[in-house]
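Notes for the one structure printed next.
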Amino acid sequence: MKRVLFLDLDNTIYPVSSIANEVFDNLFKLIDQHLGETDRQAAEKAKNELTRRPYQQVADEFGFSGELKEQGMQLLRNCVYDKPMQTYETYDALRQIPIDKFLVTTGFTKLQMSKVKMLNIAGDFKQVYVVDPEQSNKTKKDIFQKIMQENGYREEDILVIGDDPKSEIKAAIDLGIDTFLFDPEGKYTNENVTHHAKNYQDVAQIVNK
Ligand SMILES: [Mg+2]
């Protein structure tokens, strides 16, 4: 029996690909101008990674110059998404489970909060946390622990749901919390997770077990 769900946002509640072009348009142009001139392959790979991972990580990994890194940061720091957005259809199955839910997402605060607003999901959660690498060194693992302490949840009370084995899934495994890897495209095989599925139809059953 689970008492609470911890959810990721990007590619867990909605597909980033549905908004990526508009959000990243200016940033991609900037990357093409700087990195694309010298290393086209790195530029393409970096752009692809940016739709899935935090900007700061990708910038470091692909050796963005100080100037490119700062200009990209400035763009994203002030970026909001203000067009209609849609959750995955299968998200309704999670929404209907009548237990507490917390949203824990990594990214720029303004942008992440604008997506929560356009998806109209704030009401689904007891609280929304943005892990913003620009504002703090805290990680998802730190936030999970904070929520546990503040609400008296034990490890076995929780199910962590996300799409990224290296992010929320890893944090949950480190803390001894059960995991549900959402993998709509069947990208992963063995990631040491508790549950692994292409949709959320079995989560209610998992929660009640
Ligand atoms: Mg994600």
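Counting convention: from 1, in listed order, for ligands and their atoms alike.
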Determine whether more than 12 heavy atoms belonging to other residues, nucleotides or ligands lie under 6.0 Å from atom NZ of Lys126.
yes
Value for CD (Glu191) from CG (Asp164), rounded to nearest 0.5 Å, stands at 9.5 Å
Within a 6.0 Å radius of atom CD on Glu150, are there more than 12 heavy atoms belonging to other residues, nucleotides or ligands?
yes
For atom CD of Glu134, is the number of surrounding heavy atoms from other residues, nucleotides or ligands below 6.0 Å larger than 12?
yes
Protein N/O/S atoms closer than 2.8 Å to the Mg ion (ligand 1)
Asp8 OD2, Asp10 O, Asp163 OD1
Would you say the ring centers of Tyr91 and Tyr200 fall short of 6.0 Å from each other?
no
What residues join Val104 in its hydrophobic cluster, counting side-chain heavy atom gaps under 4.5 Å, either direct or through other members?
Val4, Phe6, Phe102, Tyr129, Val131, Ile143, Phe144, Ile147, Met148, Tyr153, Ile158, Val160, Leu175, Ile177
